[in-house]
2 protein chains.
Amino acid sequence: MTSPRARRSPRRTEALSRERIVEAAVGLLDAAGEGGLTFRALTERLATGPGAIYWHVANKGELLGAATEAVVAAAVATGPQRTGRAGGTEGAEGAEESGGAAEAAREGIRCVALGLFDAIEEHPWLAPQLAGQLSRNPGGPVAPRIFENIGRQVRALGVPGDSWFTATSALVHYVLGAAGQNAANTASGRALGPDADRAGFLDAVSTAWEGLDAEDYPFTRAVADQVREHDDREQFLAGIDLVLAGITALHLPAGRPGGSPEA
Amino acid sequence: MTSPRARRSPRRTEALSRERIVEAAVGLLDAAGEGGLTFRALTERLATGPGAIYWHVANKGELLGAATEAVVAAAVATGPQRTGRAGGTEGAEGAEESGGAAEAAREGIRCVALGLFDAIEEHPWLAPQLAGQLSRNPGGPVAPRIFENIGRQVRALGVPGDSWFTATSALVHYVLGAAGQNAANTASGRALGPDADRAGFLDAVSTAWEGLDAEDYPFTRAVADQVREHDDREQFLAGIDLVLAGITALHLPAGRPGGSPEA
DNA sequence: ACCTGAACACCGTTCAAGT
DNA sequence: ACCTGAACACCGTTCAAGT
């Protein structure tokens, strides 16, 4: 209007684009959760009006979907190179020793799963997004992306073709369920206070479970102390291994390429 | 009317209570999804003002939590008596034959899981609720209720105590992940049109997956037709059995009380 | 084509006031 | 104690109007 030059807004020009909008949306979601994503906060952050955003994006739902897709794509892309304990299996392609390829596939599954786990923990708003409206647009690329990455490793494991869908679905469902639950936990932990970050929250849950009615909740009470001491990632991987063991037992031919000694 | 004899007075008196409010909330959620729960719709349905509702309920979040708890409680309570294929194992308590108790425990797990599965399918708004803010109030009774019901059967299975938490967590996570994903699917199916109820939606997903890039999504494309033909409940139970097989392989003593002949 | 910004309908929540 | 209902701040979305 008045002066197209030099206004004290740090990023006045820069040209608005769908990519920049999605980027800003992810930033708002990370900073303040699902409630933090607002068209008004977005217009302020991007120094525009709502109409400009609606030119690039149909509505809030599509924006949430695009943010979800962006984060998931980044997560499964960088998954294999993570710094966590699930690295160092680059011999997967050439491995031909009995069970070597299968074990590499198992490591690959753990990698993809951990990538999603970390992404959901880093962006807790992802969990309900994936759980509640992932398939709002079934043609959308986020469901196939997860499915493809895990499914390839299932195939490499040696699972026969008619069990691919069952085995892959089970893994994906476990990953989404576990990671989602975990995100809910970390989110609540933050809400309790930034200092009592994680241990404090687990302690609160554990104490609450110990205080349950002894007659109605004997099992939950008995397990309460295991809640206090468990490690999230470790527990998550233990669950993955449980599903993998089930796949090995039910879907792998008797040759058990898993590498475990015959018993 | 004002007469106490009056049969079904849709509104008027009836005395407002927290229970009646939660009941109405579930009705609105079932009818129109999460967006259907509105204080204005609630006031109209209950013939009151918003202040009356706020007298019994702190805010919308608490109302959603109460609705979730009510539905989950009903689901796990009626689970064992369902009409589905997972009934008829009332001999669990007295069974002493080798493996009989363990197999009964497995059936019990399938029952509880199917109860939750059906509840989420019947109330699709439950899925993000359970995934995203189940542990918003960790002392709340919904997480322990699910955990307790599955955990007891895990104990009955013969899993040693120090694996209870791992095994039960894996089962719960799978159930929540699978049921949540399924609810998203059915919800999208309804959105596509009431006539193309379920098969039409699966067909759409299958076709979309077949149309994916051949180089980026070879596995997903190869599995597309299995998507079209699969049955939700069957697939869900197959996943349960996968996790159960993993628990048997990793956490059950060598005596394998599962009933399978020794090998 | 891309952007502006006032305006609209609707939402959760509050609160002085009633019984 | 329990309920009423106007009012408030905020939200997603639209659209005539500008460049």
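What you are looking at is a predicted structure, and each value in this text was computed from that prediction instead of being measured. Letters A, B, ... are given to chains in the order of the sequence lines, protein chains preceding strands, and every chain is numbered from 1.
Closest to the side chain of A:Tyr54, from the set C:dC3, D:dG12, C:dT4, is D:dG12. In this structure, the nucleotide among C:dC11, D:dC3, C:dC3 sitting nearest to the side chain of A:Ala52 is C:dC3. Comparing C:dA6, D:dG12, C:dT13 by their closest approach to the side chain of B:Arg40 singles out C:dT13. Out of D:dG12, C:dT13, C:dG5, the shortest distance to the side chain of B:Phe39 is found at C:dT13. Side-chain atoms of A:Leu16 lie closest to C:dC3 of the nucleotides D:dC11, C:dC3, C:dT13.
Distances shorter than 4.0 Å separate some side-chain N or O of A:Thr38 from OP1 or OP2 on D:dC11. For B:Trp55, no side-chain nitrogen or oxygen approaches OP1 or OP2 of D:dC3 to under 4.0 Å.
Rounding to whole angstrom units, NZ of residue B:Lys60 and C1' of C:dT13 are separated by 12 Å. Protein atom CD of B:Glu44 is 14 Å distant from nucleotide atom C1' of C:dC10, rounded to whole Å. Taking atom CG of A:Asn59 as the reference point, atom C1' of D:dC11 lies 14 Å away to the nearest angstrom. As a whole-Å value, the separation of B:Ile53 CD1 from C:dC11 P is 13 Å. Between the CD atom of B:Glu34 and the P atom of C:dC11 there is a distance of 14 Å, rounded to whole Å. For the pair A:Leu64 CG and D:dG12 C1', the computed distance is 12 Å after rounding to whole Å. The interatomic distance linking B:Arg18 (CZ) with D:dC2 (C1') rounds to 16 Å, in whole Å.
For the atom pair A:Asp232 CG and A:Phe117 CZ, the distance stands at 5.0 Å (nearest 0.5 Å). Rounding to the nearest 0.5 Å places OG1 of B:Thr207 at 4.5 Å from CZ of B:Arg228.
Of the residues near DNA chain D, A:Ala58 and B:His56, the one whose nearest nucleotide (by heavy atom distance) lies more toward the 5' end is B:His56. Comparing A:Ser17 and B:Leu37 along DNA chain C, the residue whose closest nucleotide (by nearest heavy atom) sits nearer the 5' end is A:Ser17.
No close placement of the B:Tyr174 and A:Tyr174 rings is indicated, their centers lying 6.0 Å or farther apart. Remark: aromatic rings of B:Phe147 and A:Tyr217 are distant, center separation not under 6.0 Å.
For the residue pair A:Arg145/B:Thr220, the side-chain donor-acceptor check at 3.5 Å is not satisfied.
Here the side chains of B:Asn149 and A:Phe219 are not in contact, with every heavy-atom distance at 4.5 Å or above.
Rounded to whole Å, the P atom of D:dA17 lies 22 Å from the corresponding atom of C:dC2.
Nearest heavy atom pair, residue B:Arg45 against residue B:Leu28, reads NH1-CD2, 3.5 Å.
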- Report the secondary structure of DNA chain C in dot-bracket form, marking unpaired bases with a dot and bases paired to a different strand with |, and treating Watson-Crick or G-U pairs with both distances under 3.5 Å as paired. ||.|||||...|||||.||
